[in-house]
Every structure is written in structure tokens, then in C-alpha cells.
Amino acid sequence: MSKKKNIGQFRNIGIMAHIDAGKTTVTERILYYTGKSYKIGEVHDGEAVMDWMQDEQDRGITITSAVTTCEWDHSLIQIIDTPGHVDFTVEVERALRVLDGAIGVFCAVGGVEPQSETVWRQADRYAVPRMAFINKMDRTGADYFAAVASIKEKLGANPVMIQLPMGSEERFSGVIDLVAMKQIVWDDDTQGAEYTKGDIDPDYVDQAQEYRETLLEAISEVDDGIMEKYLGEEEIHEKELKDAIRAATISRRIVPVLCGSALKNKGIQPLLDAIKHFLPSPLDIPAVKGLHPETGEELAFFPKKNDPLAALIFKVSMIEGRKLSFARVYSGRLETGSEVFNPALNRTEKLSRILQMHANKRERLKEASAGDIIGIVGLKNSGTGDTLCSRAHPVFLEKMEYEEPVISIAIEPKTHADQEKLEDVLEKFTIEDPTLKVRNDEETGQTILSGMGELHLEIIISRMLKEFNTNVNVGSPQVVYREILLTEERGSAVFEREISGKTLFADVRIRLEPLERGAGIEFESRVDGDRISEQYLPSIEKGIRESLEGGYLKGYPLVDIKIVLEDGAFDERSSELAFSVCASMACKDALEKASLGLLEPIMAVEVFVPDAHMGDAIADLNTRGGKIESISPKAGTQVVKAVVPLAKMFGYSTALRSATQGRGTFSMQFSRFDRV
């Protein structure tokens with residue numbers, strides 16, 4: 001890599017989209033035109049650089065976020081290519097947490113699709129400035145203006161076209177740059193590496209003038225300087241307009257829109273220019289904030305190399321059995337061989353190597369500083385969401401939150417050799433993926449794996465075999481239910497027992513009350529300190545919470561409950577262990593008398609069905625207990641939105657394919673828990 005760049009030239013960006021919008025294809029072209037790849041890898045050939053995992057190549061989809069670095073026109077662009085499938089939302093979440101800017105890739109035919117809506121909302125949550133790239137302009141049914149309208153309508157964004165396509169479908173030949181008022185046409189013989197920029201073709205001049213006016217109007221609404229010149233009918237120079245677009249993009253008041261066809265090698269170089277011109281450098285975004293671990297005071301860290309260290313681990317990968325931690329350095333610097341402090345664990349860790357990432361290839365670095373996104377080898381205990389800092393300036397950068405898994409499968413090793421490997425392999429997967437949960441079912445002796453969807457678990461099983469050579473038998477998927485309390489109930493217990501020659505004593509009386517859906521578990525003590533000493537309250541709460549976790553009806557966690565400690569007693573024989581066990585017994589006593597109910601996960605399903613098969617698709621959803629919420633037409637297909645219990649959705653993709661002769665598609669994501 002060339003000499004260290006100025007941090008103002010860094011662009012840390014993510015590429016996000018719905019599955020099949022062409023995100024990975026866009027990234028592959030970026031790597032080719034910036035000289036990182038000597039040939040273009042295609043997703044459909046299983047040769048994409050960023051989809052380096054065997055399962056990604058077999059399925060033609062992105063599963064893990066890959067990190068890569070390239071240079072364009074004196075800027076250093078660090079890209080995270082994120083998955084588009086809803087089962088891997090956590091990968092997108094982790095990437096967005098550490099990015100400064102993002103590109104939403106949309107299909108010119110489909111416009112805004114369900115998963116692009118989900119990732120867009122995630123980017124809103126992390127206040128990430130964005131641009132939009134309307135891809136697949138060469139496809140039959142491509143409609144640039146409809147796609148832009150859907151960004152405004154469905155995402156509530158303010159899309160501003162800075163390019164126009166020249167033709168569409170098979171007539172798509174190039175783009176018109178509305179900022180410079182030039183047209184760009186690519187040379188097909190050089191795989192799009194060469195292109196000519198020239199005066200706008202007479203056929204497009206009127207349309208270009210009209211949309212240039214629209215662009216100036218949109219920018220004058222968010223920039224006073226441009227407004228003055230626009231109203232005074234003065235000439236607006238290209239640089240002034242670019243600066244105004246940049247400022248409005250970074251402040252998230254507009255989303256610049258570009259277009260092209262990545263597969264046909266058109267539109268990528270202007271996209272790279274736009275990344276450089278309009279997306280923020282680490283200097284353009286607010287200082288990262290964190291909390292002091294002891295005082296709780298809010299601290300700000302600026303992107304300066306000589307300031308105290310603040311870095312966040314946003315992903316952990318097990319590559320060839322070795323732990324590789326991906327981190328974003330916000331402030332200060334890291335050196336190979338140096339020690340860093342992890343306040344979550346209250347311990348220091350040693351960095352044995354720092355790596356510049358290029359998908360699954362890597363280059364060693366002596367040091368990394370503010371603005372860098374790097375791989376680190378040597379962190380034994382640190383995990384996703386942990387902060388790395390110096391002991392002298394400890395800080396917690398915010399923790400990441402993950403959704404709870406909604407689907408489980410039972411697995412058991414095929415042979416004794418697999419048994420020995422299984423625990424080790426599962427531990428590696430859970431370190432890598434916080435949305436994957438593993439537990440042992442004591443009754444059946446099986447290992448229960450819980451994840452975000454059928455595909456998520458399917459890929460874990462596939463990776464066990466391909467990467468770790470571990471064979472397992474897989475039970476049919478099970479839905480993860482929740483249990484709820486329907487009536488208020490009291491419970492009590494007295495614990496008096498001799499354990500290893502010592503008598504322990506505790507007396508606990510509690511009341512359990514149902515709370516509204518989604519309220520979680522609350523604990524309240526209404527006991528005087530002379531009845532139960534305050535030192536025992538945490539043990540009582542812990543004992544009851546653990547008891548609720550194991551459920552009562554079917555062994556599913558109990559949720560939305562208020563625990564009220566009403567009375568009890570202690571003496572000199574009492575201990576924390578005695579109160580923890582006694583509280584658990586009192587909880588079981590209350591649950592035995594209470595009436596309980598089950599909640600099941602309800603999924604929001606969006607089905608795209610050709611008009612001819614509409615009746616069959618709706619009939620199928622009805623038989624699954626689905627409630628149709630809306631049906632809307634979209635270019636020869638109907639979009640059906642419904643809510644359906646997850647338990648009824650197993651095998652739905654096969655049923656939909658046979659009902660629509662393979663033409664129907666659907667996406668599904670968790671909506672809520674509801675009474676069975």
C-alpha cells in the first residue's frame with residue numbers, strides 16, 4: 001500500500017441493498033477499476049472476490065460482511081460489502097455502526113424492496129449519510145424515475161438526481177452528469193475501463209436542462225448560497241454545486257442519486273468520483289462518544305492520531321480456525337505487539353498482528369491510526385461490540401443490541417469423532433455471530449441451535465461440514481415460543497437445609513403480575529431491611545429471573561412479568577446461595593398455581609406474485625393462518641403483504657415456487673410475538 005494518507009482523504013463506506021440488487025457486482029467493479037483486482041469476478045460464476053466463502057459462491061449471495069481497501073483519485077476507500085438477506089441483518093447492523101457513509105444499491109426494476117427498507121432504517125438509526133445507486137438500468141422493465149420515486153415514497157428520504165440515464169433496458173448507453181452537464185459513454189471493448197466524457201447528445205439536451213433545474217431547486221432549498229445565486233439567475237460553478245451537494249449529503253438533508261449497470265460495466269467510475277466528492281471523511285462526522293466505565297461521564301474522541309486510543313470491535317471471524325477481530329479505530333493509534341485495554345473485561349490484551357483487509361487476503365501493517373478499519377490477530381477474549389482503549393483513558397463506546405432468535409433446530413453428532421469437534425465448532429460460531437444461540441436440552445440430550453431464520457441455520461450446518469468437517473444429524477426446525485402469565489399469583493418458600501455441614505436458611509414471599517406485551521421483566525422489593533437484608537436482594541432477583549428463563553409450561557422463557565418481593569425472613573444462617581435457591585422455589589410455587597399462555601413469533605411476509613398466480617398464492621397464505629394486510633400492483637406482479645405465524649411458514653419457499661411456476665419470490669422478517 002502507498003504512503004499513509006491524510007485522514008481527510010479516507011472514505012469509510014458500506015454498500016447495502018436488498019438481496020439481488022447487484023451489491024456485490026457493484027463492489028467487484030469498484031475493485032477492478034481501482035486496480036485491486038486484475039479481472040472482474042462474477043457472482044453467478046462463483047468468482048466474486050468479496051464472496052469468498054464456499055457457501056456464498058455456491059448460493060450466489062453474500063453472507064458475511066467482507067472488508068476491503070482501494071484507492072481512487074488520491075482517496076483511500078475502505079468498503080464493507082454487507083449481506084442483503086434478512087437472516088443476516090446483524091452483519092449489516094455491525095457494519096453500519098462503524099461506517100461514515102453508505103451507498104444504497106437499488107434495482108431499476110424493483111425499486112425499494114423490503115430488505116432495502118430494513119437496512120435503510122438501520123442506517124437512519126446510526127445517522128449514516130447516504131447516496132443511492134440505481135443499478136440494472138439495462139434490464140427489461142428498468143425505470144429510473146419510478147425507482148427514485150420509490151426512494152422518496154417508501155423510505156421518506158429526499159432523493160436528488162445528479163445523473164440521468166441515456167436510454168434504458170437494452171438501449172441504455174451511458175449517463176448524463178447534471179452537475180458538470182456532460183455525458184459519459186462507456187467503451188464495451190475495454191470492459192468499461194475506458195469511457196468518453198463529452199457534450200450532451202442533442203436528443204437529451206432538453207431533458208438534461210429540465211432536470212438540471214430540478215437539481216438546482218432541490219439544492220437551493222438546503223443551501224443559502226446556492227439559493228441566492230439561483231434566484232438572482234447568476235451562474236453556479238461546478239465546484240460550488242459540488243460543495244453544496246457534499247454539505248447537504250453529510251447533514252443527511254439529501255440523498256444524491258446515480259445510475260448505471262454494474263453487470264454491463266457502466267456507471268462505476270462516476271460512482272467512485274461521487275464517493276470521493278460527496279460522502280464524509282472521518283473528519284466530517286461528529287466525534288465518537290462513549291462513557292467512562294467508572295464515573296459514567298460522557299467522553300468524546302476525535303479522529304486524531306495522537307489523541308487517546310478508542311477503537312470498536314464490530315465483528316469477529318473464525319477464519320481457518322483462527323480468531324480475527326475487525327475493528328474501527330476512531331481515535332489514537334494501535335501498534336503491532338502493543339497492549340490494549342478492554343474495559344468490558346477489565347483486562348489488557350496483546351495485538352500480535354494488525355492487518356489491512358482485502359476480502360479474505362490481507363497485508364500486514366506496523367500500525368493503524370484514527371480512521372482505519374483493520375483486522376487484528378491476537379485478541380483472545382475480546383468479542384463483538386467491545387471497546388479497545390488505553391488503561392489511562394478507559395471508555396465504553398456504545399454496546400450493540402441484537403434481536404432475539406426466532407427459530408431452532410436440534411442437532412446431534414453423527415460419530416464419536418464429530419462429538420469431540422462439535423462443541424469447539426459451535427463455540428467458534430457463537431463468538432462470530434451473536435444472533436446464534438446454543439443450548440443443551442437436558443431431557444433429550446440434543447444440542448439446540450437457535451437463529452434468525454431457516455437460511456441462517458442452513459448455512460451454519462453447511463459451514464460445519466465444509467469448513468470444519470463436522471457431520472451432524474439435524475431435527476426439523478422448531479419455533480421458539482415465549483410463555484406469559486395470564487393472572488396475578490403469589491408464591492412462597494422456606495429453604496432450610498444442611499449443605500456440607502452448614503445449615504442454610506431463607507424465607508421468601510413474592511407476587512408475580514402480568515405486564516403488557518414487550519415490557520420485559522421488572523423486579524421490585526417492598527420489604528423492609530429488617531425483614532430481608534438488602535445484600536440478599538440481587539440474589540433473590542437472580543434466582544427468580546433464572547427460574548423464569550426455564551419457563552414452566554413447555555420450557556420456553558417467561559416474559560412480560562413484574563416480580564414483587566412482598567415479605568420474607570433471614571437470620572445468621574442465611575446466605576446469598578440460600579436466598580437464590582429459595583426465590584427460585586417461591587417462583588415455581590407461584591407458577592404452579594398461575595394460569596399461563598403461549599406467545600408465538602408472527603412474521604411480516606411480503607410476497608411478489610405474477611398476476612396470473614395471485615389466487616393460488618393468497619389461498620396458500622390463508623391456509624397457513626395468514627392475515628392479508630394489503631395487495632398492490634407493481635409492473636406485472638402483485639405485492640401481497642401479510643402477517644403469518646412462523647410455525648406455519650416452514651417450507652413456504654417450495655410451496656410458493658410450485659404455486660407460481662418458480663416466478664414468485666418473498667421476504668420475511670420477525671414482526672412481533674402474539675398469543676397462540
Side-chain angles (χ1 to χ4, degrees), residues 17-21 59 61 84-89 106-121 136 139-143 146-147 149-151 153-156 403 406-407 452-458 476-481 517 598-676:
H18 184 86
I19 193 164
D20 270 354
R59 294 165 195 267
I61 62 167
H85 196 286
V86 66
D87 285 11
F88 308 106
T89 314
F106 299 94
C107 167
V109 183
V112 173
E113 293 171 283
Q115 183 59 12
S116 42
E117 221 168 308
T118 308
V119 294
W120 196 269
R121 302 273 172 260
K136 303 196 176 186
R139 266 188 59 188
T140 306
D143 186 336
S150 74
I151 293 174
E153 199 181 300
K154 290 192 174 178
L155 304 177
E403 287 182 14
V406 292
I407 182 169
M452 302 308 289
E454 276 184 281
L455 182 66
H456 185 195
L457 295 177
E458 215 177 282
S476 58
Q478 299 292 319
V479 176
V480 180
Y481 292 89
R517 196 86 69 254
L598 275 183
L599 295 180
E600 65 177 339
I602 303 292
M603 310 305 279
V605 182
E606 203 159 11
V607 191
F608 295 80
V609 192
D611 294 342
H613 303 288
M614 183 69 176
D616 295 342
I618 285 182
D620 183 49
L621 284 171
N622 287 333
T623 60
R624 294 170 188 272
K627 287 194 184 105
I628 309 292
E629 293 189 328
S630 70
I631 300 172
S632 48
K634 185 176 183 180
T637 62
Q638 298 286 339
V639 182
V640 181
K641 288 188 178 179
V643 287
V644 191
L646 173 62
K648 301 283 174 59
M649 287 301 286
F650 293 129
Y652 181 64
S653 51
T654 313
L656 181 66
R657 276 201 294 270
S658 60
T660 60
Q661 294 173 358
R663 291 166 61 205
T665 58
F666 80 104
S667 79
M668 170 170 88
Q669 61 197 75
F670 174 71
S671 166
R672 61 180 188 274
F673 276 101
D674 226 330
R675 281 291 300 279
V676 173

For residues [X] and [Y], report the shortest heavy-atom separation together with the two atoms involved.
X      : Y      : result
Phe670 : Pro601 : CE1-CB, 3.9 Å
Val676 : Leu599 : CG2-C, 4.1 Å
Arg139 : Cys107 : NH1-SG, 3.7 Å
Gly625 : Pro645 : O-CD, 3.6 Å
Ser671 : Ala604 : CB-N, 3.8 Å

I'd like to know whether Ile618 forms a side-chain contact (heavy atoms from CB on, under 4.5 Å) with Val607, so could you lay out the CA-CA distance, the side-chain angles of the two residues, the decisive distance to 0.1 Å, and finally the verdict.
CA-CA 9 Å; Ile618 285 182; Val607 191; over 6 Å; no
Do Pro633 and Gln638 have side chains that approach each other closer than 4.5 Å (heavy atoms only, starting at C-beta)?
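Yes, their side chains come closer than 4.5 Å.
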To the nearest 0.5 angstrom, please state how far the [atom1] atom of [X] sits from the [atom2] atom of [Y].
X      : Y      : atom1 : atom2 : value
Glu600 : Phe673 : CD    : CZ    : 9.5 Å
Leu598 : Arg675 : CG    : CZ    : 8.5 Å
Ser658 : Asp616 : OG    : CG    : 9.5 Å
Ile602 : Met649 : CD1   : CE    : 11.5 Å

Using the test side chain to side chain contact (heavy atoms under 4.5 Å, CB included), find all partners of [X] that sit at least two apart in sequence or belong to another chain.
X      : answer
Ala146 : Asp143
Val639 : Glu606, Phe608, Ser632, Lys634
Ala108 : Ile134, Met137, Ala142
Asp620 : Thr623, Arg624, Tyr652, Ala655

Any ring-ring contact (aromatic ring centres under 6.0 Å, His included) pairs touching residues 609-631, not counting sequence neighbours?
none
Kindly write out the residues that satisfy side-chain hydrogen bond (donor to acceptor under 3.5 Å, both in side chains) with Arg672, not counting sequence neighbours, or none if the list is empty.
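With neighbours one apart ignored, the set is Asp674.
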Where the side chain of Lys154 meets the backbone of Val112, is there a donor-acceptor pair that is under 3.5 Å apart?
yes
